[in-house]
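As the structure is a computational prediction, the values presented were derived from the model and not from experiment. Atoms within each ligand, like the ligands themselves, are counted from 1 in listed order.
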Amino acid sequence: MQAVQYTDHGGREVVTYGDAPDPTVGRNEALVDVRAGALNHLDVWTRRGLPGLDLELPHVPGSDAAGVVREVGADVSRVDPGDRVAVSAGVNCGSCEFCRRGEPTLCVDYRVLGEHTTGVHSELAAVPADALVSVPDGVDWETAAAAPLVFQTAWRLLVTRGEIRPDDSVLVLGASGGVGHAAVQIADHVGCTVFATASTDEKRAAAERLGADRAIDYTDSEFDTRIRELTDRRGVDVVVDHVGEETWRQSLRSLAKGGRLLTCGATSGPTPETNVNRIFGNQLTVVGSTMATYGETEAALERVWDGTFTVEKRATLPMSETARGHELLESREGFGKVVVVPDSEYDE
Ligand SMILES: [Zn+2]
């Protein structure tokens with residue numbers, strides 16, 4: 001089969017597309033005929049190499065994909081050949097203290113497909129059957145592939161961990177990113193007043209179309225100053241920050257007393273300076289979240305499948321041009337998700 005592979009950790013030049021061995025299907029796995037995949041910032045981090053991450057190279061990346069089940073392992077009963085499925089990339093052990101407590105995303109052996117194990121950006125992918133979500137007829141492959149990771153992440157972050165309520169004001173940073181554009185829609189769906197930051201007129205218009213009440217340009221002034229102006233100096237109840245180093249200080253300064261800072265990523269780097277006085281003085285809460293339970297994933301995706309939420313795509317590329325997709329993410333060019341399709345799909 002053909003697969004995207006990282007020949008090494010490093011720059012975009014390590015991303016290749018070519019022959020790779022067909023996957024073997026474990027007893028609890030299903031073999032998926034991949035029709036589309038989608039990129040996440042995680043793919044960029046995995047490509048560059050993460051501390052403590054020890055991958056066998058070459059590595060097949062990719063955490064998001066959708067396609068048709070071709071074959072199932074001996075112990076699989078929840079999916080059958082011919083089923084339309086999407087991949088929900090988090091896999092837990094089922095037996096550790098946290099799994100037994102019903103907190104799979106806290107699993108001591110939590111693995112994300114494509115990050116800790118072989119990913120799904122290939123013509124065929126062997127995926128634990130538990131990690132497959134049903135995709136209704138009528139949902140296109142690009143949407144099915146692009147939705148799972150960012151919508152599940154944003155859903156757990158805002159709804160479960162952040163406990164957003166209709167009377168909350170919510171500021172979403174980086175509204176043009178995958179998680180950002182999902183967070184804007186979820187906060188709007190709950191009934192919150194939504195502020196969003198984006199760097200261009202076009203991106204701000206898109207954020208407002210998706211449900212932001214007010215989109216803010218962070219390039220010409222500090223966004224916390226704008227938030228203070230727009231909220232009569234009060235600040236917002238919730239900030240959604242997946243940017244990290246570049247924005248953390250301003251995020252804390254944007255919060256009203258008693259506010260919550262929700263974090264699920266750090267695309268600009270993980271070690272910002274923190275003013276601790278502001279956290280205890282204003283009684284702020286910093287809430288971390290990662291991935292989601294299968295129940296949370298299905299709650300979010302149901303609302304994608306029925307059209308409540310829209311998955312914006314900045315580009316759809318053949319998998320052989322995955323490096324270009326990384327460039328779009330790294331340069332923050334465009335709005336929404338980058339979809340990658342096996343080159344062979346274009347021949348059919
Ligand atoms: Zn576990």
Keeping waters out of it, list the protein N, O or S atoms under 2.8 Å from the Zn ion (ligand 1).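 Cys93 SG, Cys96 SG, Cys99 SG, Cys107 SG, with waters left out.
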Would you compute the distance between atom CG of Leu39 and atom CZ of Arg314 and round it to the nearest 0.5 angstrom?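 With rounding to 0.5 Å, CG (Leu39) is 9.5 Å from CZ (Arg314).
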Determine whether Leu157 and Val304 fall in the same hydrophobic cluster, where Ile, Leu, Val, Met, Phe, Trp and Tyr are linked whenever their side-chain heavy atoms lie under 4.5 Å apart.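 Linked, Leu157 and Val304 end up in one cluster.
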Any salt bridge linking Glu229 with Arg214? Criterion: basic side-chain nitrogen under 4.0 Å from a carboxylate oxygen.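 Not counted as a salt bridge, because no side-chain N and carboxylate O are separated by less than 4.0 Å.
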Quick check: Phe309 with His181 (ring centres under 6.0 Å apart)?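 So the answer is no for these two rings.
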Check Gln185, His189, Glu298 against Arg303 for a side-chain hydrogen bond (donor to acceptor under 3.5 Å, both in side chains) and give me the one that passes.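 Going through the options one by one, the only one that passes is His189.
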Ser122 and Gln2: CA distance, side-chain angles, deciding distance, side-chain hydrogen bond (donor to acceptor under 3.5 Å, both in side chains) verdict: CA-CA 6 Å; Ser122 46; Gln2 304 271 291; over 6 Å; no
